[in-house]
Amino acid sequence: MQNQQLIDFVVDKIEDMKGRDIQNLDVSQLSNVTDTMIICSGNSKRHVKSIADNVVKEAKLVELEVIGIEGMEESEWVLVDLGDVVLHVMQDSARDFYQLEKLWAPALSESKAG
């Protein structure tokens with residue numbers, strides 16, 4: 001699956017579960033771990049877990065490799081590693097606290113300028 005197809009697939013599965021505030025960050029020039037980070041919000045621990053579960057289940061159905069899953073037990077912030085795409089599903093409180101978009105924004109701006 002091409003990178004854009006994988007991004008579209010993940011976003012579609014997030015939307016199926018009513019995930020909110022979906023952000024897609026191209027980090028291919030900044031990270032050797034992944035090309036794209038997708039960040040979204042869930043309303044509660046159960047919602048966060050359901051979004052992540054859905055992405056994992058649907059990925060396995062189409063034989064995509066799920067490299068790793070972190071945070072399912074607490075479900076405040078769940079990370080799903082699909083290789084070229086890493087998904088972060090977060091409750092609002094965790095997303096506000098960690099501010100991943102702002103953390104990566106200066107680096108993204110610098111990489112485009114330089």
Side-chain angles (χ1 to χ4, degrees):
M1 192 176 278
Q2 298 284 352
N3 194 37
Q4 188 58 51
Q5 291 174 311
L6 182 55
I7 292 166
D8 293 343
F9 174 85
V10 172
V11 168
D12 184 55
K13 301 313 166 198
I14 294 167
E15 289 174 342
D16 286 349
M17 298 303 293
K18 308 294 188 223
R20 298 181 289 102
D21 304 324
I22 302 168
Q23 294 290 316
N24 174 0
L25 303 176
D26 179 353
V27 295
S28 58
Q29 301 301 312
L30 308 170
S31 172
N32 59 359
V33 176
T34 191
D35 291 336
T36 304
M37 287 194 323
I38 298 175
I39 306 166
C40 72
S41 295
N43 298 326
S44 64
K45 287 182 179 186
R46 180 175 282 171
H47 191 214
V48 166
K49 186 176 186 328
S50 295
I51 294 167
D53 277 338
N54 189 55
V55 171
V56 169
K57 180 186 77 167
E58 294 295 327
K60 288 180 178 179
L61 285 175
V62 296
E63 299 180 1
L64 289 173
E65 181 181 6
V66 178
I67 296 169
I69 305 164
E70 296 290 333
M72 278 291 211
E73 196 167 304
E74 298 83 17
S75 296
E76 290 182 29
W77 176 359
V78 178
L79 181 144
V80 179
D81 185 350
L82 298 166
D84 290 340
V85 172
V86 173
L87 169 63
H88 299 269
V89 186
M90 308 172 87
Q91 286 190 54
D92 289 331
S93 58
R95 193 164 178 181
D96 290 343
F97 183 79
Y98 290 102
Q99 299 184 14
L100 292 181
E101 296 95 334
K102 288 184 181 180
L103 179 69
W104 285 90
L108 290 169
S109 297
E110 289 171 17
S111 72
K112 290 178 183 175

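Predicted model only: the values in this text are computed from it and were never measured.
- Between Cys40 and Asp21, the closest side-chain pair of non-hydrogen atoms is not below 4.5 Å.
- When hydrophobic clusters are built by joining Ile, Leu, Val, Met, Phe, Trp and Tyr residues whose side-chain heavy atoms come closer than 4.5 Å, directly or via intermediates, Ile7 is not grouped with Ile67.
- For Gln4, the CD atom is densely surrounded, since the number of other residues' heavy atoms within 6.0 Å is greater than 12.
- For residues 50-61, the pairs satisfying salt bridge (Lys or Arg N to Asp or Glu O under 4.0 Å) are Lys49-Asp53, with sequence neighbours left out.
- From Ser50, atom OG reaches atom NZ of Lys18 across 13.0 Å, with rounding to the nearest 0.5 Å.
- Each salt bridge (Lys or Arg N to Asp or Glu O under 4.0 Å) pair with one or both residues in residues 87-98, not counting sequence neighbours, appears once here: Arg20-Asp92, Arg95-Glu101.
- The two residues Ile39 and Leu100 make their nearest non-hydrogen contact at CD1-CB, 3.6 Å.
- Residue pairs that meet the ring pair (Phe, Tyr, Trp, His ring centres under 6.0 Å) test with at least one member in residues 41-76, sequence neighbours left out, do not exist here.
- The minimum heavy-atom distance linking Val48 with Met90 is given by the pair CG2-C, 3.8 Å.
- The side chain to side chain contact (heavy atoms under 4.5 Å, CB included) check on Gln2 picks up Gln5, with sequence neighbours excluded.
- Cluster membership check: Leu61 does not share its hydrophobic cluster with Val56, using side-chain heavy-atom separations under 4.5 Å among Ile, Leu, Val, Met, Phe, Trp and Tyr.
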Under 3.5 Å, side-chain donor or acceptor atoms of residues 70-88 against the rest of the protein: list the pairs with distances, not counting sequence neighbours.
unit_1, atom_1, unit_2, atom_2, d
Ser75, OG, Met72, O, 2.5
Trp77, NE1, His88, ND1, 3.0
Asp81, OD1, Gly83, N, 2.8

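- Remark: side-chain polar atoms of Asn54 are paired, donor with acceptor, to backbone N or O of Lys13 under 3.5 angstrom.
- To the nearest 0.5 angstrom, Ser41 atom OG is 9.5 Å from Ile22 atom CD1.
- Taking 4.5 Å as the limit, every side-chain heavy atom of Val11 sits out of range of all side-chain heavy atoms of Asn24.
- Side chain of Ser31 to backbone of Val27: no donor-acceptor contact under 3.5 angstrom is found.
- Taking Val62 as the reference, Phe9, Leu64 meet the side chain to side chain contact (heavy atoms under 4.5 Å, CB included) condition, with sequence neighbours excluded.
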